[in-house]
Novice: 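One structure, pasted below without further comment.
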Amino acid sequence: MQEDLMLDSRQTAPVAARNPVPETLDALVIGTGVAGLYQLYQLRNLGLKAHACDTAGDVGGTWFWNRYPGAKFDSEAYIYQYLFDEDLYKGWTWSERFPSQPEIERWMHYIADKLDLRRDISFSTTVTAATFDEDRQVWRVRTDQGEMIETRFLIGCTGMLSAPLEDRFRGQSSFEGMILHTARYPRGGLDLAGKRVGVIGTGATGIQVIQTIAAEVASLTVFVRTPQYVLPMKNPKYGPDEAAWYKGRLDELRQNLPNTFTGFEYDFEHKWHELIPNQRRAILEEIHADGSLKLWLSSFAEMFFDEAVSEEISEFVRQKMRDRLKDPELIDILVPKPGDYGFGTHRVPLETNPHFPSKALISLS
């Protein structure tokens with residue numbers, strides 16, 4: 001009989017030195033992910049007495065918690081960086097276009113250490129209450145360590161990707177196997193070889209997990225509620241030439257990224273109704289072949305507000321998915337159908353292996 005396993009935040013956190021939160025502050029930041037580290041750095045540069053706290057045992061935010069099999073960027077690594085410091089940007093070299101979680105977590109450690117941020121962070125510390133004192137114009141904040149802090153500014157950098165929805169299904173309490181949420185995957189990983197595994201959901205996370213573990217487990221059952229539009233990922237390795245290429249673009253990226261629709265390096269360049277059908281198709285083919293989120297974020301903006309354009313682009317993606325999946329049974333379950341919803345109206349995942357082993361079972365529920 002397998003042992004039940006219910007993970008909480010402390011089970012995945014490493015043992016780390018914990019700095020107490022000062023009793024009085026100018027600013028307290030909750031969370032030490034990408035946003036939290038940036039806020040702490042900038043607040044200190046303003047001369048404020050600033051501190052950050054995090055339930056986690058180290059920096060990283062979503063890249064601390066989400067360490068499930070296959071977790072990786074689907075943003076190009078060289079744009080998922082701070083641009084305010086040239087030495088900081090150029091001092092780190094990515095190994096590939098879309099790196100995996102361990103490399104991303106190492107980058108977060110690099111940031112915290114280079115900017116000397118750890119001395120002003122309390123790890124393994126959760127804010128349990130915050131009340132604003134109207135008369136004194138300060139926040140009174142309590143932590144699970146019994147601390148009471150007064151701070152003028154309270155800045156939440158808690159993100160939207162790290163808090164798991166737990167106890168969602170009837171019968172969980174009596175299940176005799178192991179129950180895991182991807183946002184609380186064990187730090188040391190798990191040996192899934194020979195196991196029967198069920199994965200609930202085929203969003204970006206579900207797809208990453210499925211394509212990573214499918215060949216390892218004894219059997220895999222995937223429970224699908226809503227079929228997803230997905231795009232293939234092209235993930236070339238980066239050597240010295242590629243690193244020199246993107247590091248040499250820092251000034252360009254500084255100018256470009258803050259001014260695009262999504263914060264990516266690319267933006268909508270084409271007008272659907274100014275082109276003839278063959279031109280539209282050529283553009284869609286070229287962008288699809290890029291192997292990124294570009295088709296979603298910089299093909300034709302009209303797909304978001306013109307139903308006919310949405311349907312044509314959606315069918316283009318559906319056919320690409322059919323061509324990659326090939327198996328009629330999988331196509332019926334995994335490819336959205338006309339009339340379901342339009343491409344790009346949901347968050348679009350990237351995949352690297354659309355061919356599930358024949359032993360995998362896909363359940364529509």
Side-chain angles (χ1 to χ4, degrees), residues 70 72-76 79 97-98 199 201-212 214 222-236 260-356 360 362-365:
K72 63 168 55 252
F73 277 154
D74 56 12
S75 308
E76 287 82 354
I79 70 165
R97 186 187 191 188
F98 300 110
V199 176
T202 54
T205 294
I207 288 169
Q208 288 180 335
V209 171
I210 293 162
Q211 66 190 15
T212 304
V222 181
F223 298 90
V224 183
R225 183 187 65 180
T226 305
Q228 300 284 334
Y229 289 96
V230 298
L231 298 172
M233 172 187 284
K234 287 189 176 178
N235 191 24
T260 63
F261 175 65
T262 59
F264 282 67
E265 63 181 312
Y266 31 76
D267 212 344
F268 296 104
E269 301 176 8
H270 310 286
K271 301 292 186 184
W272 183 267
H273 296 293
E274 293 178 359
L275 301 171
I276 62 174
N278 285 349
Q279 291 173 318
R280 297 168 189 160
R281 179 74 185 201
I283 290 169
L284 291 175
E285 291 284 358
E286 178 184 357
I287 295 177
H288 184 271
D290 187 66
S292 68
L293 295 176
K294 192 173 183 180
L295 187 67
W296 177 28
L297 304 177
S298 70
S299 56
F300 295 93
E302 292 92 337
M303 70 173 150
F304 296 116
F305 52 82
D306 186 315
E307 189 172 350
V309 176
S310 171
E311 175 53 28
E312 190 162 340
I313 295 177
S314 297
E315 178 55 28
F316 171 83
V317 177
R318 290 193 294 262
Q319 188 56 51
K320 290 293 186 183
M321 292 177 64
R322 296 181 195 115
D323 293 343
R324 283 171 68 75
L325 283 168
K326 296 181 173 59
D327 186 310
E329 207 173 332
L330 290 181
I331 290 170
D332 183 58
I333 296 173
L334 295 177
V335 178
K337 294 176 173 56
D340 283 354
Y341 63 96
F343 171 76
T345 58
H346 292 197
R347 196 247 199 256
V348 178
L350 298 179
E351 51 83 3
T352 57
N353 180 10
H355 307 295
F356 292 96
I362 314 297
S363 300
L364 183 62
S365 60

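Numbering starts at 1 and runs along the sequence shown.
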Novice: Go through the steps for His273 and Val309 under the test side-chain contact (heavy atoms from CB on, under 4.5 Å), then give the verdict.
Specialist: CA-CA 9 Å; His273 296 293; Val309 176; 4.3 Å; yes
Novice: Please find the pair of heavy atoms, one from Phe98 and one from Ser292, that lie closest to each other, and give the distance.
Specialist: CZ-CB, 4.1 Å
Novice: About how many Å separate CD1 of Ile79 and OG1 of Thr260, when rounded to the nearest 0.5 Å?
Specialist: 7.5 Å
Novice: Hey, mind stepping through Asn278 and Arg281 against side-chain contact (heavy atoms from CB on, under 4.5 Å) and telling me if it holds?
Specialist: CA-CA 5 Å; Asn278 285 349; Arg281 179 74 185 201; 5.6 Å; no
Novice: Stepwise, does the side-chain contact (heavy atoms from CB on, under 4.5 Å) test hold for Thr212 with Lys72?
Specialist: CA-CA 11 Å; Thr212 304; Lys72 63 168 55 252; over 6 Å; no
Novice: Is there side-chain contact between Leu293 and Tyr266, with heavy atoms separated by less than 4.5 Å?
Specialist: yes
Novice: Looking only at heavy atoms, which two atoms of Ser314 and Tyr229 are closest? And how far apart?
Specialist: CB-OH, 3.5 Å
Novice: If every non-hydrogen atom of Pro349 is compared with every non-hydrogen atom of Gly203, which pair is closest and at what distance?
Specialist: CG-C, 4.1 Å
Novice: Could you report the tightest heavy-atom contact between Gly291 and Leu350, atom names first, then the distance?
Specialist: O-CD1, 4.5 Å
Novice: Hey, are Glu315 and Arg322 close enough for a salt bridge, meaning a charged N less than 4.0 Å from a carboxylate O?
Specialist: yes
Novice: What's the spacing between Phe300 CZ and Ile283 CD1 if we round to 0.5 Å?
Specialist: 4.0 Å
Novice: Is the closest basic N to carboxylate O distance between Asp340 and Arg318 below 4.0 Å?
Specialist: no
Novice: Restricting to non-hydrogen atoms, name the atom on Met303 and the atom on Leu295 that form the minimum distance, rounded to 0.1 Å.
Specialist: CE-O, 3.5 Å
Novice: Within a reach of under 6.0 Å around CZ of Phe261, are more than 12 heavy atoms found that belong to other residues, nucleotides or ligands?
Specialist: no
Novice: How about Pro338 and Glu311: do any of their side-chain heavy atoms sit closer than 4.5 Å?
Specialist: yes
Novice: Under a 4.5 Å cut-off applied to non-hydrogen side-chain atoms, are Lys294 and Leu231 in contact?
Specialist: no
Novice: Do Pro336 and Met321 come close enough that some side-chain heavy atom pair is under 4.5 Å?
Specialist: yes
Novice: Is it true that, when you exclude Lys337 itself, more than 12 heavy atoms of the residues, nucleotides or ligands shown sit nearer than 6.0 Å to its NZ?
Specialist: yes
Novice: Looking at Glu285 and Lys320, does any basic side-chain N land under 4.0 Å from a carboxylate oxygen?
Specialist: yes
Novice: Looking at Leu284 and Ser299, what are the two nearest heavy atoms and their distance?
Specialist: CD2-CB, 4.5 Å
Novice: Do Trp272 and Asp306 make a side-chain contact, defined as non-hydrogen atoms from C-beta onward lying under 4.5 Å apart?
Specialist: no
Novice: Yes or no on side chain to side chain donor-acceptor pair (under 3.5 Å) for Gln211 and Thr352, after CA distance, side-chain angles and deciding distance?
Specialist: CA-CA 7 Å; Gln211 66 190 15; Thr352 57; 3.0 Å; yes
Novice: Side-chain contact test, heavy atoms from C-beta onward, threshold under 4.5 Å: evaluate it for Tyr341 versus Thr226 and give yes or no.
Specialist: yes
Novice: Does the distance from a Lys or Arg side-chain N to an Asp or Glu carboxylate O, for Asp290 and Arg97, drop under 4.0 Å?
Specialist: yes
Novice: Looking only at the aromatic ring of each residue, does the gap between the centers of Phe316 and Phe343 stay below 6.0 angstrom?
Specialist: no
Novice: Do Phe264 and Trp296 have side chains that approach each other closer than 4.5 Å (heavy atoms only, starting at C-beta)?
Specialist: no
Novice: How long is the straight-line distance from CG of Leu330 back to CG of Leu325, given to the nearest 0.5 Å?
Specialist: 6.0 Å
Novice: Within the structure provided, determine whether His288 and Pro232 are in side-chain contact (heavy-atom separation under 4.5 Å).
Specialist: yes
